[in-house]
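Structure, as structure tokens:
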Amino acid sequence: MIAAGREYSALPTPITIDIAGRGSAAVWDCSPTGDGAPAQAPLLLLHGWNVDAPLNFASAVPLLRQHRRVVMFDQHGHGRGIRSGKPFDLARCAGDAVAVLDALEIDRAILVGYSLGGAIAQVMASEHPDRCEALVLAATADSFAVKRREVAQFSFLTTSAHAMRRLPARSRDITFRRISEIACRRYPEWVLETVLAADPVTLLQAGGQLGRFDALMWKGNITAPSAVVVTSADTVVSPARQHRLARIVGATEVIEVHADHDLPIRNDPRFADALERAVEAVAGVTISGSLG
């Protein structure tokens, strides 16, 4: 069942943070609601492509913040993320995440990355290992474009970004809305409006970048403990590749949820449960099993 509306009531009012001198972004800093241990590393949630942080994680935050501080922010060009005019770049996004931690005076965090956010988390853990306490990777992969058809699809996003940039502003907005309406036709209107808050050019660039991502860029450089949440009915990111990523990072725990890629925006408690179990696994509590 699709979530009936925005589950944002559990979130604090976002603050605005200047990110690496490139612009500002909305950041949600959620303190523990229960018996939080200040010594525990906080969670930094990194959302997926074509959504914003609340749409990706709002349903999971109430459980995740019971015992830990939880921080999330809108990525470059998504939602209320920075609008620098620079092309979307995964390494720059990892730098954005470090800048958020700096602004909040957080030394190290457990990185929780979903889909695109999982790729950013991998880059951050490789390039900024001193800021990564552990990794939780969900519905993501070591690479997203392997087959010829996939390479063509992701290349088309890059080409579309160039074409979209050349359109007059009004034509760009109309085109973006028409495309988004088709992509979001199964979801409530508020999901569409969340998608439309993004910058269309940057969004398409992000898709193109995702198609060029390959874990070989960092292979062997990630030493942080890792857990992987596999969406085993995923029609967007192959479950086989999700399992392959788990092997590459040497995941201490693999938790399967029999669900598709849009699990985060469905009214399904298994998403929060899986993330919580993965966090506990990398924090030293070994939990095994799957969520049917």
Review point. Heavy-atom distance under 4.5 Å between the side chains of V61 and M72, does that happen here?
Key: yes
Check your understanding: Any ion pair linking D268 and R266 (charged N to carboxylate O, less than 4.0 Å)?
Key -> no
Check your understanding: Is D142 paired with R247 through a side-chain N to carboxylate O contact shorter than 4.0 Å?
Key -> no
Review point. Do V279 and L43 have side-chain heavy atoms sitting under 4.5 Å apart?
Key: yes
Point to revise | N/O donor-acceptor pair under 3.5 Å between S160 side chain and F156 backbone | key: yes
Review point. Under the ring pair (Phe, Tyr, Trp, His ring centres under 6.0 Å) test, which residues partner H128, sequence neighbours left out?
Key: none
**Study point:** Pairing residues for E189 by the side-chain contact (heavy atoms from CB on, under 4.5 Å) criterion, not counting sequence neighbours
**Key:** R177, L192, E193
**Study point:** Short side-chain donor-acceptor distance under 3.5 Å, Q242 and T140
**Key:** no
Review point. So does E150 pair up with R241, basic N to acidic O under 4.0 Å?
Key: yes
Check your understanding: Taking atom types as modelled and ignoring hydrogens, do the side chains of S84 and H76 form a donor-acceptor contact shorter than 3.5 angstrom?
Key -> yes
Practice item. Could you grab the distance from atom SG of C184 to atom CG of L196, nearest 0.5 Å is fine? Key: 7.0 Å
Exercise for review: Would you check if the distance from the ring center of Y114 to the ring center of H261 is below 6.0 Å?
Suggested key: yes
Review point. How would you list all residue pairs meeting salt bridge (charged side-chain N to carboxylate O under 4.0 Å, His left out) that involve residues 159-174, not counting sequence neighbours?
Key: none
Which donor-acceptor pairs under 3.5 Å do side chains of residues 12-22 form with protein atoms, sequence neighbours excluded?
unit_1, atom_1, unit_2, atom_2, d
D18, OD2, G21, N, 3.3
R22, NH2, R92, O, 3.3
R22, NH2, D96, OD1, 2.3

Exercise for review: Report yes if the side chains of I255 and V228 come closer than 4.5 Å at any heavy-atom pair, otherwise no.
Suggested key: no
Review point. Side chains of F57 and L11: closer than 4.5 Å at any heavy-atom pair?
Key: no
Check your understanding: If we only count heavy atoms from C-beta on, is the V230 to V257 side-chain gap below 4.5 Å?
Key -> no
Exercise for review: Answer with yes or no whether the side chains of H67 and E280 bring together a donor and an acceptor at under 3.5 Å.
Suggested key: no
Study note, to complete from the structure: By salt bridge (charged side-chain N to carboxylate O under 4.0 Å, His left out), D29 pairs with (sequence neighbours left out) R69
Less than 3.5 Å apart, which donor and acceptor atoms pair up between the side chains of residues 103-111 and the rest of the protein, not counting sequence neighbours?
unit_1, atom_1, unit_2, atom_2, d
R108, NE, E133, OE1, 2.8
R108, NH1, D130, O, 2.8
R108, NH2, C132, O, 3.0

Study note, to complete from the structure: To the nearest 0.5 Å, atom CG of D262 lies from atom OG1 of T235 at 7.5 Å
